[in-house]
Amino acid sequence: MPASDPGIRVLTTPPSGGAEVLEPAALQFLGALARRFEPERQRRLAQRRERQQELDAGRLPDFLPETKEIRDRDWTVAPIRPDLTDRRVEITGPVERKMMINALNSGANVFMADFEDANAPTWENNLTGQQNVRDAVTRTIAYTSPEGKRYALEAKTATLVVRPRGWHLVEKHLTVDGQPISASLFDFGLTFFHTATRLAASGSGPYFYLPKLESHLEARLWNDVFVFAQDALGIPRGTIRATVLIETILAAFETDEILWELRDHSAGLNCGRWDYIFSYIKKLRRRPECVLPDRARVTMEQPFLRAYADLVVHTCHRRGIHALGGMAAQIPIKRDAALNAQALEKVRQDKLREVRQGHDGTWVAHPGLVPIAREVFDAHMSGPHQIGRRREDVRVSARDLLATPAGDITAEGLHTNLSIALQYLAGWLGGMGCVPINYLMEDAATAEISRAQVWQWLHHGARMQDGRPITATMVQQIIAELVQALPERVGPGGPGYDKFSMAGRILADLATGADFAEFLTTVAYEYLD
């Protein structure tokens with residue numbers, strides 16, 4: 001695609017309609033973002049690598065002595081925007097057209113349109129996703145199914161929030177001065193360019209969720225991006241608001257500092273529980289005392305996760321902003337009323353724990369869960385939020401955040417991890433970022449936990465409950481059996497039906513390799529169109 005700046009190159013022809021998203025002015029804006037912020041992004045990524053080396057050498061995470069004054073001082077973030085005041089139920093999902101319409105119409109307060117963990121970042125998915133976000137803002141988004149059913153927006157819809165990809169990823173289909181553009185800047189830049197002016201004029205604003213941050217300096221980078229972008233489009237500073245997902249173990253030690261860096265643009269923090277567990281494994285991967293039990297046993301009732309959620313609530317409320325709870329990934333089970341009732345009761349108890357803990361809202365993955373989440377929060381939260389509930393009782397130490405839960409590792413847990421990781425990876429390679437597995441809507445975070453646990457168990461010579469050691473041969477054998485069996489279970493046309501062999505090879509390398517791959521999605525991105 002031609003651009004007036006020869007340093008900006010689109011390497012792959014856009015899908016139908018995608019050329020509008022990549023109009024010359026938008027490409028110029030992306031180029032300006034990349035040239036201004038790519039050097040700092042590289043510095044922050046280098047800092048991640050240096051920090052991992054320190055952790056591998058034995059240094060444990062801790063609260064930063066150099067930022068103690070920020071933690072100790074009284075201050076608050078910018079006042080809450082009106083359409084982000086009540087966030088009691090948020091629904092998340094990919095930027096697929098029909099699913100976006102259903103989510104916006106679901107009755108949730110907020111819809112997070114996800115370019116990250118719920119999106120397989122094919123070129124087509126990314127650009128059609130940008131079209132869909134733009135059309136949602138202009139309220140022209142509509143869809144007609146092959147059967148002729150029409151989907152369109154209702155009069156009242158959820159507030160739109162967009163999640164771009166993390167700082168570690170690139171968008172390989174667009175280069176600036178010979179280098180692939182940051183995926184974060186690509187996703188943010190196009191969304192902002194095409195929607196910010198209209199959103200601001202309507203009294204709303206461009207709102208974002210920021211994933212995978214590992215330090216307050218990464219939050220500072222985002223804040224600098226926001227200031228630059230608002231100035232470039234002539235939009236008042238502070239119009240952007242961003243909620244940061246505390247989904248890495250390192251970010252948990254810098255919650256105050258992250259809010260401070262984004263204080264003019266902050267919409268609070270969210271407990272991204274699944275990625276947080278993955279980060280715990282990843283960052284402490286060289287420590288045998290940090291080996292986790294079966295994933296099913298690593299629930300929010302575990303002390304280290306309860307402490308992390310308490311800390312997020314306490315920090316946010318002290319700073320005058322929302323603390324959001326985690327995801328309910330259940331999918332309603334229409335064919336079995338008894339199983340469905342059990343699943344919904346699990347959701348109810350999870351949301352009850354969150355609202356009692358002090359969270360101001362929660363996440364669900366399916367429109368069918370919106371009513372039950374709302375019912376729980378309505379019953380226990382009389383106002384639009386609980387920010388006035390300061391949780392002064394919370395005292396969280398570094399030891400609390402690092403306490404490894406006890407529990408068994410089982411053959412069933414090993415098999416489940418490999419099955420989920422393989423099914424998700426196959427679906428992702430087939431272009432689906434949100435894959436239904438065993439009545440749960442799985443995204444990249446749960447696949448990351450699954451493969452990371454297997455690597456951790458194997459690397460540290462863990463034994464299962466029955467006494468058998470977990471070996472590379474055992475892992476590879478299970479993967480081979482699953483590669484043979486799962487396509488038939490999925491069926492032709494099912495998620496990743498023809499991708500299981502490739503997914504099996506990738507998963508075997510990820511699970512049994514000598515080195516730990518930082519992100520499954522970074523490795524697998526090489527295989528996506």
Side-chain angles (χ1 to χ4, degrees), residues 1-12 14 21-53 115-117 119 121-123 126-127 129-130 162-194 196 206 208-233 235 237 240 242 244-245 248 250-251 258 261-262 265 517-519 521-523 525-526 528:
M1 172 176 293
S4 54
D5 185 332
I8 303 169
R9 296 189 62 206
V10 177
L11 304 182
T12 306
V21 174
L22 296 176
E23 63 180 90
L27 290 175
Q28 291 296 322
F29 183 64
L30 292 179
L33 287 172
R35 287 167 176 148
R36 171 66 178 80
F37 296 108
E38 180 62 16
E40 183 64 15
R41 183 181 82 95
Q42 291 297 339
R43 283 189 284 272
R44 299 283 69 85
L45 294 179
Q47 182 190 43
R48 286 188 183 185
R49 294 189 290 271
E50 292 163 6
R51 190 77 183 275
Q52 186 63 57
Q53 289 173 357
F115 284 96
E116 202 225 7
D117 276 359
N119 175 55
T122 66
W123 186 229
N126 290 341
L127 289 188
Q130 289 290 343
V162 171
R163 178 162 69 169
R165 284 168 285 174
W167 281 129
H168 58 288
L169 295 166
V170 297
E171 176 49 68
K172 64 185 178 183
H173 299 95
L174 190 149
T175 61
V176 178
D177 301 331
Q179 296 299 316
I181 190 171
S182 155
S184 297
L185 297 179
F186 180 87
D187 296 343
F188 163 80
L190 287 178
T191 296
F192 185 81
F193 181 85
H194 288 293
F208 297 92
Y209 259 105
L210 305 181
K212 306 289 191 294
L213 269 64
E214 296 191 10
S215 78
H216 69 285
L217 296 178
E218 295 181 16
R220 181 183 298 174
L221 174 55
W222 268 119
N223 197 72
D224 291 343
V225 170
F226 294 163
V227 170
F228 179 92
Q230 288 166 137
D231 289 352
L233 267 63
I235 291 171
R237 295 184 181 184
I240 292 174
V244 173
L245 291 129
T248 68
L250 299 181
I258 287 169
E261 295 295 344
L262 287 160
H265 298 102
E518 288 292 302
F519 291 97
T521 47
T522 305
V523 173
Y525 186 50
E526 299 301 319
L528 277 190

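Heavy-atom basis, side chains included; hydrogens, waters and symmetry copies ignored.
Here the side chains of V170 and R41 are in contact, with some heavy-atom distance below 4.5 Å. No side-chain heavy atom of L30 sits less than 4.5 Å from a side-chain heavy atom of I8. In this structure, the side chains of N126 and E171 come closer than 4.5 Å at one or more pairs of heavy atoms. H173 places none of its side-chain heavy atoms less than 4.5 Å from the side chain of F186. You'll find the side chain of L27 reaches within 4.5 Å of the side chain of L174, heavy atoms only. Side chains of L233 and F29 form a contact here, defined as non-hydrogen atoms less than 4.5 Å apart. Two residues are said to be in side-chain contact when any heavy atoms from C-beta on lie closer than 4.5 Å; L185 and V225 meet this criterion.
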Legend entry - Working for salt bridge (Lys or Arg N to Asp or Glu O under 4.0 Å), residues K212 and E116: CA-CA 10 Å; K212 306 289 191 294; E116 202 225 7; 2.4 Å; yes
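T122 is linked by a side-chain hydrogen bond (donor to acceptor under 3.5 Å, both in side chains) to N125, counting only residues two or more places apart in sequence or in another chain. Every residue meeting the side chain to side chain contact (heavy atoms under 4.5 Å, CB included) condition with S184, not counting sequence neighbours, appears here in chain and number order: W167, S182, W222. Every side chain to side chain contact (heavy atoms under 4.5 Å, CB included) that S215 has, sequence neighbours left out, goes to Q47, L217, E218, E254. Under the rule for a side chain to side chain contact (heavy atoms under 4.5 Å, CB included), the partners of A219 that lie at least two apart in sequence or sit in another chain are L213, I258, E261, L262. In this structure, H194 has no ring pair (Phe, Tyr, Trp, His ring centres under 6.0 Å) partners at least two apart in sequence or on a different chain. Residues forming a salt bridge (Lys or Arg N to Asp or Glu O under 4.0 Å) with D231 (at least two apart in sequence, or on another chain): R237. A search for side-chain hydrogen bond (donor to acceptor under 3.5 Å, both in side chains) contacts involving R43 returns E40, not counting sequence neighbours. Residues passing the side-chain hydrogen bond (donor to acceptor under 3.5 Å, both in side chains) test with Q230, sequence neighbours excluded: H265. Qualifying side-chain hydrogen bond (donor to acceptor under 3.5 Å, both in side chains) partners for T191, counting only residues two or more places apart in sequence or in other chains: Q130. In this structure Y525 satisfies the ring pair (Phe, Tyr, Trp, His ring centres under 6.0 Å) test with no other residue, sequence neighbours excluded.
Ring to ring, F226 and F188 are close: their centroids are under 6.0 angstrom apart.
For the pair G7 and D5, the tightest heavy-atom approach, listed with the atom from each and the gap, is N-OD1, 2.8 Å. The two residues A34 and V176 make their nearest non-hydrogen contact at CB-CG2, 3.9 Å. Heavy-atom minimum distance, F192 versus P206: CE1-CG, 3.8 Å. Taking every heavy atom of both residues into account, L528 and P121 meet most closely at CD1-CD, 3.6 Å. The minimum heavy-atom distance linking A517 with V523 is given by the pair CB-CG2, 3.9 Å.
Between atom CG of residue L45 and atom NE2 of residue H168 there is a gap of 9.0 Å, rounded to the nearest 0.5 Å. Rounding to the nearest 0.5 Å gives a distance of 9.5 Å between CD1 of I181 and OG1 of T175. Here the CD atom belonging to E38 is positioned 7.5 Å from the CD atom belonging to Q179, to the nearest 0.5 angstrom.
Residue pairs meeting the salt bridge (Lys or Arg N to Asp or Glu O under 4.0 Å) criterion with at least one partner in residues 181-191, sequence neighbours excluded, are R165-D187. For residues 172-183, the salt bridge (Lys or Arg N to Asp or Glu O under 4.0 Å) pairs, not counting sequence neighbours, are R35-D177.
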